There are 2 protein chains.
Amino acid sequence: MPGRRKVGNLLALAVLSALVQQPMHPYEIATTLRSWGKDQDMAIKWGSLYTVVRNMERHGLIAAVESVREGRRPERTVYRITDAGRAELVDWARELVSTPVTEQSSFRAGLSVLAVLHPDEATALLRRRLARLEDGIRTAREAFAEHARSVPRLFLVENEYDLTIQEAEANWIRSLLAEFTSGSYPGLDEWRAFHEAGTAPGGATEGGSSTK
Amino acid sequence: MPGRRKVGNLLALAVLSALVQQPMHPYEIATTLRSWGKDQDMAIKWGSLYTVVRNMERHGLIAAVESVREGRRPERTVYRITDAGRAELVDWARELVSTPVTEQSSFRAGLSVLAVLHPDEATALLRRRLARLEDGIRTAREAFAEHARSVPRLFLVENEYDLTIQEAEANWIRSLLAEFTSGSYPGLDEWRAFHEAGTAPGGATEGGSSTK
DNA sequence: GGTCCTATACTCGTATGCGAGTAATCGGAA
DNA sequence: TTCCGATTACTCGCATACGAGTATAGGACC
């Protein structure tokens, strides 16, 4: 339970933002979100969607409108947003916008154990990341330009933000790589020495003996 | 299970990086991590720690060394890293460093529903965020400078990264705010109009009728 | 030398997350 | 006409995540 929200999953926010437009059944919500391009920043997990929707109903944020059975397909339950849901949407938006939270970042985690890799390998891997990142940025920029034709900028703010952050990361990696390759990074020699002596840096020297 | 890792929780990575130094019992791992300052980017959840450790043992990444009972305290099980664990640590580090993944960001989520707020409120909230962010950056910078006295820069890369990203976010917010306050942001008037007409933007006009 | 507060060191139960499975419909090719 | 694969629309159940609870030890203070 991240925080005090009745339904803490950010997927719930997406559901609210879809239902605020019009009543829908869960599958339609997913489709709408995907067409909206929200699936990029929030891969829709089927299992979660239905769990989240059920919980949202339980907490009165949404309410079932009808259960249609079209032909003999599985029953589709159509939901609409309630006033409580609308209030939650706004309140949640307020919180998310105004309060910075330190998010979990896998790259940060990777960096925190960067020392276990040989500096040359670390350099190569960072180059790899940079290349992929540049690729991703290019793609995102194109998709953004495409979308921007038909959608007002306000509805694409998150993408603009994303691009900015990714660029900042790319730049940071570039400058780190520059220090690595020029040899100006402090402690680079010790780092290299540790690894070439066949031991992990920061750890005690251990012969790699059998484990079992 | 994020990916194919036997134990996908990033906490497991932290555990490995602690145990690579020397065998420890779980509580000691937590303490070590905290002293290392890793708790900032990865709040240690007690429940998770023990679950993760158990799973890691099950998968052979770590192994129990001994179960000491000091006095009449609860039994403490000391774990050491195995060769498989060491291999996992390195392999995991490689992946995390080389492969960018689009992480979940609550701010991005917030931005994606920014339109549900009145532009004036959005502006105020962004100002609020910016102030808090600047505060956090200042604090982090000081902590970093302090640490940098005793710890080589290599072991603080993640913090450097973090600062860079946070600054990028702050700058982005600043420029967005500038556009909002100068009125140069496209669509600002429509945005305002939507809200002042008493309806959510992008949605159909709906009288706020009773819900139940 | 008794009491209180904090630190140590976990355990347990529950809510949640989510992959994998299921089943019906539909459009097109053979 | 029938078969096949894709699409629609969910359900189920297990593994995880994690808060809250528990219980002992040690030191400070009076």
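The structure displayed is predicted, hence computed values, not measured ones. Residue numbering restarts at 1 for every chain, and letters A, B, ... go by the order of the sequence lines.
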### Message
Using the side-chain heavy atoms of B/V52, tell me which of these nucleotides is nearest: D/dC10, D/dA20, D/dA17.
### Response
D/dA17
#### Entry: Separation of D/dT16 C1' from A/K45 NZ (nearest whole Å)
14 Å
### Nearest-neighbour nucleotide for the B/S48 side chain, C/dG17, D/dA9, D/dC18 considered
D/dC18
### Task
May I ask you to check whether A/W191 and A/F180 place their ring centres under 6.0 Å from each other?
yes
### Query
What's the spacing between B/T123 OG1 and B/H118 NE2 if we round to 0.5 Å?
9.5 Å
### Summary
Sequence neighbours excluded, the answer for salt bridge (charged side-chain N to carboxylate O under 4.0 Å, His left out) partners of A/E190 is none
### Of all pairs that satisfy ring pair (Phe, Tyr, Trp, His ring centres under 6.0 Å), the ones with a partner from residues 88-110 of chain B, not counting sequence neighbours
A/Y161-B/F107
### Query
What residue pairs, at least two apart or across chains, pass salt bridge (Lys or Arg N to Asp or Glu O under 4.0 Å) with a residue in residues 50-59 of chain B?
none
### Query
To 10°, what angle do the rotation axes through the five end pairs on each side of the helix from C/dG1-D/dC30 to C/dA30-D/dT1 form?
10°
### Task
Find the distance B/Y50:OH to C/dT11:P and express it as a whole number of Å.
7 Å
### Message
Without decimals, in angstroms, what is the distance between A/M56 CE and C/dA15 C1'?
### Response
17 Å
### Minimum-distance nucleotide to A/W46 side chain [options: C/dT16, C/dA20, D/dT16]
C/dA20
#### Entry: Atom pair distance, as rounded to whole Å: CZ in A/R58 and P in C/dT14
14 Å
### Query
Do the side-chain N or O atoms of B/H25 get closer than 4.0 angstrom to the phosphate oxygens (OP1, OP2) of C/dT8?
no
### Query
Does a side-chain N or O from A/N55 land closer than 4.0 Å to OP1 or OP2 of C/dT16, or not?
yes
### Query
Starting at CD of A/E28 and ending at C1' of D/dC10, how long is that distance when rounded to a whole Å?
14 Å
#### Entry: Closest listed nucleotide, where the reference is the side chain of B/Y27 and the choices are D/dG19, C/dA9, D/dT16
C/dA9
### Interatomic distance where CG belongs to A/L11 and C1' belongs to C/dT16 [whole Å]
12 Å
### Query
What integer distance in Å separates B/L49:CG from D/dT16:C1'?
14 Å
### Query
Starting at CD1 of B/I44 and ending at C1' of D/dG19, how long is that distance when rounded to a whole Å?
16 Å
#### Entry: Comparing B/T31 and B/R54 on DNA chain C - which has the more 5′ nearest nucleotide
B/T31
### Message
With salt bridge (Lys or Arg N to Asp or Glu O under 4.0 Å) as the rule and sequence neighbours excluded, what pairs involving residues 118-128 of chain A come up?
### Response
A/D120-A/R192, A/E121-B/R94
### Summary
Applying salt bridge (charged side-chain N to carboxylate O under 4.0 Å, His left out) to A/E146 and not counting sequence neighbours gives A/R149
### Task
Check whether any side-chain N or O of A/N9 sits under 4.0 Å from OP1 or OP2 of C/dT16, and answer yes or no.
no
